[in-house]
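Written out below as C-alpha cells is the structure these notes cover.
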Amino acid sequence: MRLDHVRRLGGPNAYLSRPVAIAHLDLQGLTGHETTDHPGFAERLVAALPGLSSHHCAAGRPGGLLDAMARGTYFGHVTEHVTLELSGLIGREAFFGRTVLAGGPGRYDVVLECPRDEPPGSPVVERLVGVALRVVTGALTGPPPDTAAELAEIAALYEAERLGVSTAALAAAARRRGVPVRRVGDLNLLRLGYGRHRRMVWAAMTDATAAIGMEIAGDKRLAHRLLADAGLPVPDGRVAASPAEALEALRDIGAPVVVKPVAGHQGEGVHIELTEPPEVVAAFTEAAGGAGGGPKGDADGAAVIVESYVPGRDYRVLVVGGRVAAAAELTAARVVGDGAATVAELVERVNADPARGEGHDRPLTRLVLGPAELGLLARQGHRPGTVPAAGETVWLRRNANLSTGGTSRDVTAEVHPEAAALCVRAAGTVGMDVCGIDLRLPDIAAPLPAEPGAAGILEVNAAPGLRMHLAPHEGGGRDVAGDIIDLLYPDGTPSRVPIVSVTGTNGKTTTVRMIAHMLEVDGRRTGMTSTEGVYVGRRLVHLSDASGPRSAEMVLGDRTVEAAVLETARGGIVRRGLGYDRADVAVVTNVTSDHLGVDGTESLDDLVDIKALVAEKVRRGGRVVLNAEDPASAGMAERAAVRDRDPAVRFFALSPDAPVLAAHLRDGGAGYCVEHGWLTEASGDRRTRVLPVEEIAGAFGGHAAHVVANALAAVAAARGLGVSLDVVARALRTFEPHTRNPGRGCVYRVGENPVLVDYAHNPAAVAAMAAFTAARWGGSDGRPGGGSGVAAVTLPGDRCDDLVVETARILAGSFGRVVVYEDEDLRGRRSGEMTRLIVRGLREGRPDVLHHPAGDLKGALTSALDMAEPGEPVLLLYEKLQPVLELLETLGAEPEE
C-alpha cells in the first residue's frame with residue numbers, strides 16, 4: 001500500500017463538525033484483497049495492537065472491527081482503525097474514522113478525526129498513517145514490526161505542538177460558552193469570537209492585559225517598589241550586581257535571605273533561606289548566570305535580588321478582573337522514603353504518574369535530579385543512590401514552583417477576606433486584569449499577621465499558569481479558565497457577528513454583493529468575501545478568488561466588522577471545510593452541473609451533498625433560504641441535518657405559482673416571489689410589496705431574470721438579519737452593477753454595440769445569459785443578421801469534457817456566431833484542447849454555427865465586434881475581470897444601463 005498525500009479540513013466539513021485529515025491511499029497489490037484472503041492476519045494484528053478488539057466499527061459495539069475482519073473487509077478500512085488505535089496510544093484523542101472510495105480501483109480516502117486545535121501543518125497524522133501502513137502490511141505475513149521507538153518520537157512531537165494546559169482549558173471554556181475559538185498557527189495564542197467581538201488570549205494573558213502591567217510584573221524590583229509604596233507587605237530587598245554587593249545585602253538585611261534573578265521566571269535560579277556567605281556567593285553566581293535581561297553588573301554577570309526570607313507557607317492566588325478566582329498552597333518538589341527504594345527510584349516512581357509531563361504539557365511537571373536538586377540532597381545528607389527511611393521527606397527543591405516539580409492543594413474556600421483584599425490590591429497596584437500573586441503567610445485562612453516580616457508578597461506574575469488551579473494535586477479543580485473567558489465576555493456580551501453564508505452553482509457573487517450592500521445601507525460595517533476578493537466596509541482589502549475558508553477567517557478576524565457575508569464555494573468546502581462554525585443565514589441559490597470530475601465530485605448528487613453543508617451548518621433556529629424553482633436547492637429543506645437545526649425556511653421563486661413555494665405558503669410558511677411586477681414578501685395569505693422589478697438596478701427593467709432571482713434571495717437573507725423593507729428597497733435601487741457588481745451581467749457600449757460582460761461558465765449560467773440577451777435586445781434564431789448577437793467565449797479547463805461540450809452546446813442554441821479563445825491558465829489542459837471541445841459542443845448544438853478562433857481576449861472581443869452588425873449585442877465571457885476592464889477602457893467603452 002502507498003500513502004499518496006494527506007490534506008486537512010480545518011473547519012466543519014462533510015464528515016464532521018470538527019477537523020479531519022484525509023489520507024489518500026493506493027492499495028496497489030492489495031487492491032481487491034480482503035482480510036479473509038490472508039489467513040492469520042487479523043490474529044497477528046490484534047496481538048500487536050490489543051486495543052483493536054474494542055473498536056466498534058459499523059456494528060456500534062465493541063468487537064465490531066473483529067467481526068468485520070472475520071467476514072472480510074478491505075485493507076483501507078483496516079488502516080483507518082489501526083491509525084486511530086495508534087493515535088490513542090500516544091494520547092492523541094481522535095475517535096472518528098471513515099474509509100471511502102476515491103476514484104479508481106484500490107484508491108481510498110481514509111478520513112480521520114483530528115484534535116480540534118492541532119496545528120494545520122502538523123505532520124503527526126501523516127506519520128501515524130505511515131506507521132499504520134507498515135503495521136498492516138507486516139501483519140500479512142508475520143508479526144508486525146516493532147514501532148515503539150517511532151511512536152515515541154511521534155508522541156513527543158504531538159506533545160510539543162499541542163496546546164499547553166492553561167491554553168487548552170481556555171479554549172474548552174470558551175467553547176462551552178458558545179464562543180468561537182481559533183488557534184493561531186502552532187502558538188498558544190487563541191482568537192476568540194468573530195468580528196467586532198473578537199478577542200485574543202495568549203495563555204492566561206488577554207488582549208486587555210496592560211503592557212505597563214506586564215513590564216512591572218517582569219521587573220521584580222519595580223514591582224516590589226510599587227507594592228511597598230502602596231503599603232503592601234513585601235520582603236526587604238536589595239539589588240546586587242556583584243558577589244561583594246550580595247554579601248553587603250546579607251549583612252544589611254540579616255540572614256536568612258533569598259537570592260533570585262531580577263527577571264527570572266518559573267522558579268529558576270531561586271535560592272531560599274540562605275544564611276552563610278559562601279551560600280550567598282554561590283547563589284549569586286547561578287542566579288546572575290540565568291538572569292537575562294537584567295542590568296549588567298561587573299564581570300560576574302547580571303544583577304540579582306537579595307531579599308529577606310519570609311517564613312511560612314507558599315501560596316499562589318489567582319486574581320481575575322479584580323476578584324480572587326482561586327488559591328492554592330504550593331509544596332516544593334519532594335519524595336517520601338519507604339525504607340527500600342533509593343532517591344532516584346522514588347523520583348522515577350513519582351514520574352510514572354501520567355499527570356506529570358515535560359514543561360507545561362501536563363498538570364504536574366516531572367521531577368529531575370539536576371544540579372540544584374543534587375546540591376539540596378547533599379545538604380540533607382543524601383545522594384541519588386541513598387535509601388531514605390520510611391516516611392522521611394526528602395526535598396528536591398526549596399522553591400515551591402510547579403515548574404520545578406512542586407504540587408498544589410486547592411485552598412480557595414479557605415482564603416481569609418484580609419488575604420483576598422491584599423491580593424486584589426496588589427493586582428490593582430501593578431494594573432493587571434489577570435495575574436498570579438505569590439505570597440508567604442503562616443496561614444491563608446487566618447487574618448494577616450501584624451508583625452513586620454511575617455507575611456509578604458513575593459511576586460506578581462503576568463500570564464500566570466493555571467495548572468495548579470485546574471487540577472490541583474489535592475482538592476477539587478476550579479474553573480479559572482471560565483473565569484477568564486467570563487472576564488472577556490461578561491454575561492450577555494455577544495461573541496459573534498451575524499453571518500450570511502451563500503453557496504450554489506450560479507449567482508453566488510451577485511447575491512453576496514447584494515446582501516452586503518443591504519447591510520451597509522442599514523448602517524452595518526460589513527465584511528464580504530467573493531470570487532473577486534475580500535472587502536471590509538466596501539474597501540477591497542485582499543485581491544484574490546476569496547470564496548474559501550481562509551477569506552472567511554480573514555473577515556471574521558477583523559475587529560471592525562459588524563456583519564459578514566461569505567461566498568462559500570465548492571472548492572473551499574471540499575479542500576478545507578468551512579471557515580466558520582455556524583451561520584445565522586444560509587443561502588443556496590441553485591445546484592446544477594458544474595465542477596464535475598474535480599476533487600472526486602462525479603455527479604450532481606455529489607455537488608448537492610457538498611453545498612448542503614452550508615444549509616446544515618446554520619445556527620439552531622437560523623434561516624435557510626432556498627430556490628423553490630431548483631429541485632436540488634429546494635430539496636435541502638428535507639435533509640435530516642437541516643431539519644435538525646430547526647431553521648426558518650424561506651423559499652424564493654420568480655413565479656408565485658412555483659409548486660414548492662405555493663405549497664410552503666399554503667402551510668403558513670413565508671417566502672419571496674415576483675407578483676404583478678413587484679418583488680413581494682409573502683407569508684401565508686399575506687403579501688407585502690418590496691419594490692417594482694423594473695427599479696432593481698442591474699436587472700435592466702426585469703429583462704435579467706437571473707438578477708431578479710438573486711435579488712429575491714438577497715432580500716430573504718437580509719430580512720433574516722432584521723433589515724427593514726425600506727432599507728432593502730433602497731439598497732436594490734442603488735445596486736449599480738458596474739460599481740457594485742462588476743463583471744456580472746454588466747453592459748457597456750462600444751461604438752454602436754452593447755457588450756454584455758459575464759463570468760458564465762456552466763450550462764445554467766450560459767442559458768441565463770442567452771435568455772437575458774434575447775429579452776433585452778430581441779431575436780432568438782441565432783443566424784447572422786437575426787439580431788441574436790455574437791459571443792466571444794472562453795471556458796475554464798478544470799471542468800470535465802462532457803460539461804464543457806454541454807455548455808458550448810447551450811451557447812450555440814442562442815448564438816450563431818461565436819469567437820473562441822482560451823484562458824491564460826489552461827488548468828492542466830494542453831494548448832488548443834479547450835478550443836476543440838468548445839467547437840465540438842457548438843457544432844453539436846447547431847451544425848451551421850459560425851465559429852472563429854482567437855489567440856487571446858483582445859483578439860476575441862475585436863473579432864466579435866467586427867462580426868456584429870450595428871446595434872447587435874456581443875456577449876463576452878472571461879477568465880479574469882481586470883484585463884477585460886482594461887481592454888474596454890482602451891476601446892472607449894461606456895457603462896450602459
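Bear in mind that the values here come from a model prediction, so they are computed numbers and not experimental data.
- Proximity of a side-chain donor or acceptor of R44 to a complementary backbone N or O of A139 within less than 3.5 Å is detected.
- For an aromatic pair to be called close, the ring centres must be under 6.0 Å apart, and H55 with F95 fails this.
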Where do R162 and D186 land on the salt bridge (charged side-chain N to carboxylate O under 4.0 Å, His left out) test, with the steps shown first? CA-CA 8 Å; R162 72 189 301 188; D186 59 356; over 6 Å; no
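- Within the model, atoms CG of L163 and CG of L170 stand 9.5 Å from one another, a figure rounded to the nearest 0.5 Å.
- Below 30°, between 30° and 60°, or above 60°: for F41 and F75 the angle between ring planes is above 60°, a perpendicular geometry.
- With hydrogens and angles disregarded, a donor-acceptor distance shorter than 3.5 Å links the side chain of R8 to the backbone of P120.
- Checked by atom type, the side-chain pair T365/R467 shows a donor-acceptor distance below 3.5 Å.
- Between D609 and R570 there is no salt bridge, since no side-chain nitrogen of the basic residue lies less than 4.0 Å from a carboxylate oxygen of the acidic one.
- Between L187 and T167, every side-chain heavy-atom pair lies at or beyond the 4.5 Å cut-off.
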What verdict does the salt bridge (charged side-chain N to carboxylate O under 4.0 Å, His left out) test give for D606 and K611, after you've listed the backbone C-alpha separation in whole Å, the side-chain angles of each residue and the deciding distance to 0.1 Å? CA-CA 9 Å; D606 291 341; K611 294 178 184 292; over 6 Å; no
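- Minimum interatomic distance between H24 and D109 (heavy atoms only, all atoms of both residues): ND1-OD1, 2.9 Å.
- E329 is not listed as a side-chain neighbour of R316, based on a closest heavy-atom distance of 4.5 Å or more.
- A 4.5 Å side-chain heavy-atom check between T137 and M1 finds at least one atom pair inside the cut-off.
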L192/I485 under side chain to side chain contact (heavy atoms under 4.5 Å, CB included): CA gap, chis, key distance, verdict: CA-CA 9 Å; L192 307 176; I485 298 301; 3.8 Å; yes
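- Checked by atom type, the side-chain pair S501/T568 shows a donor-acceptor distance below 3.5 Å.
- Using modelled atom types and a 3.5 Å distance limit, the side chains of T412 and D410 yield a donor-acceptor pair.
- Taking a cutoff of 4.0 Å between a charged side-chain nitrogen and a carboxylate oxygen, R639 and E616 qualify as a salt bridge.
- We find the CG-CE distance between L330 and M468 to be 5.0 Å, quoted to the nearest 0.5 Å.
- Ion pairing of R409 with E414 is present here, as a side-chain N (NZ or NE/NH1/NH2) and a carboxylate O approach within less than 4.0 Å.
- Taken to the nearest 0.5 Å, the OG atom of S54 stands 9.5 Å off from the CG atom of L65.
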Under the side chain to side chain contact (heavy atoms under 4.5 Å, CB included) criterion, do V434 and L318 qualify, and how do the steps go? CA-CA 7 Å; V434 178; L318 179 69; 4.2 Å; yes
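- Taken from OH in Y108 to CG in D4, the straight-line distance is 14.5 Å, to the nearest 0.5 Å.
- Side-chain atoms of R645 come within 3.5 Å of backbone N or O of V618 as a donor-acceptor pair.
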Could you go through V574 and R7, starting from their C-alpha distance and side-chain angles, then the distance that decides it, and tell me whether this counts as side chain to side chain contact (heavy atoms under 4.5 Å, CB included)? CA-CA 10 Å; V574 169; R7 75 176 189 273; 4.1 Å; yes
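- Between D646 and R620 no salt bridge is recorded (no basic side-chain N to carboxylate O distance below 4.0 Å).
- The neighbour count for R550 CZ, taken as heavy atoms of other residues, nucleotides or ligands under 6.0 Å away, does not exceed 12.
- Between R478 and D483 no salt bridge is recorded (no basic side-chain N to carboxylate O distance below 4.0 Å).
- The shortest side-chain heavy-atom distance between V394 and V336 does not fall under the 4.5 Å cut-off.
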For the pair D486 and R177, evaluate salt bridge (charged side-chain N to carboxylate O under 4.0 Å, His left out) and give the outcome as yes or no after the intermediate values. CA-CA 9 Å; D486 290 340; R177 288 157 174 77; 2.8 Å; yes
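- Salt bridge annotation for R92-E118: present, with a cationic side-chain nitrogen under 4.0 angstrom from a carboxylate oxygen.
- In this structure, the side chain of E392 engages the main chain of A389 through a donor-acceptor pair within 3.5 Å.
- For the atom pair CZ of R349 and OG1 of T342, the computed distance is 9.0 Å after rounding to the nearest 0.5 Å.
- Looking only at side-chain heavy atoms (C-beta outward), L190 and V184 stay at 4.5 Å or farther from each other.
- Taking the charged nitrogens against the carboxylate oxygens, D581 and K617 have no contact shorter than 4.0 Å, which rules out a salt bridge.
- Other residues, nucleotides and ligands contribute over 12 non-hydrogen atoms within 6.0 Å of the CZ atom of R2.
- Y194 and S495 share no donor-acceptor pair across their side chains, judged by distance under 3.5 Å alone.
- You'll find the side chain of D479 reaches within 4.5 Å of the side chain of R176, heavy atoms only.
- Residues T407 and R334 share a closest heavy-atom pair of OG1-NH1, 3.3 Å.
- The backbone N or O of L16 lies less than 3.5 Å from a partner atom in the side chain of N13, making a donor-acceptor pair.
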Given the rule in the side chain to side chain contact (heavy atoms under 4.5 Å, CB included) test, do H38 and L30 qualify, once you have shown the distances and angles that lead to the verdict? CA-CA 11 Å; H38 299 266; L30 289 175; 3.9 Å; yes
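- Around CZ of R383, the count of heavy atoms belonging to other residues, nucleotides or ligands within 6.0 Å does not exceed 12.
- The structure places CE of M205 at 10.0 Å from CE of M200, a figure rounded to the nearest 0.5 Å.
- A donor-acceptor contact shorter than 3.5 Å is absent between the side chain of D117 and the backbone of P115.
- Shortest non-hydrogen contact noted between V179 and G193 is CG1-N, 3.7 Å.
- At a threshold of 4.5 Å between non-hydrogen side-chain atoms, the residues R183 and R116 do not count as touching.
- In this structure, R127 pairs ionically with E153, as a charged nitrogen and a carboxylate oxygen lie closer than 4.0 Å.
- Judged purely by atom type and a 3.5 angstrom limit, S166 uses its side chain to pair as donor or acceptor with the backbone of L466.
- In the displayed structure, Y74 atom OH is contacted under 6.0 Å by at most 12 heavy atoms of other residues, nucleotides or ligands.
- In this structure, T99 contributes its side chain and V110 its backbone to no donor-acceptor pair below 3.5 Å.
- Looking at heavy atoms from C-beta onward, E93 lies out of side-chain contact with C114 at the 4.5 angstrom threshold.
- A donor-acceptor contact shorter than 3.5 Å is absent between the side chain of D338 and the backbone of A390.
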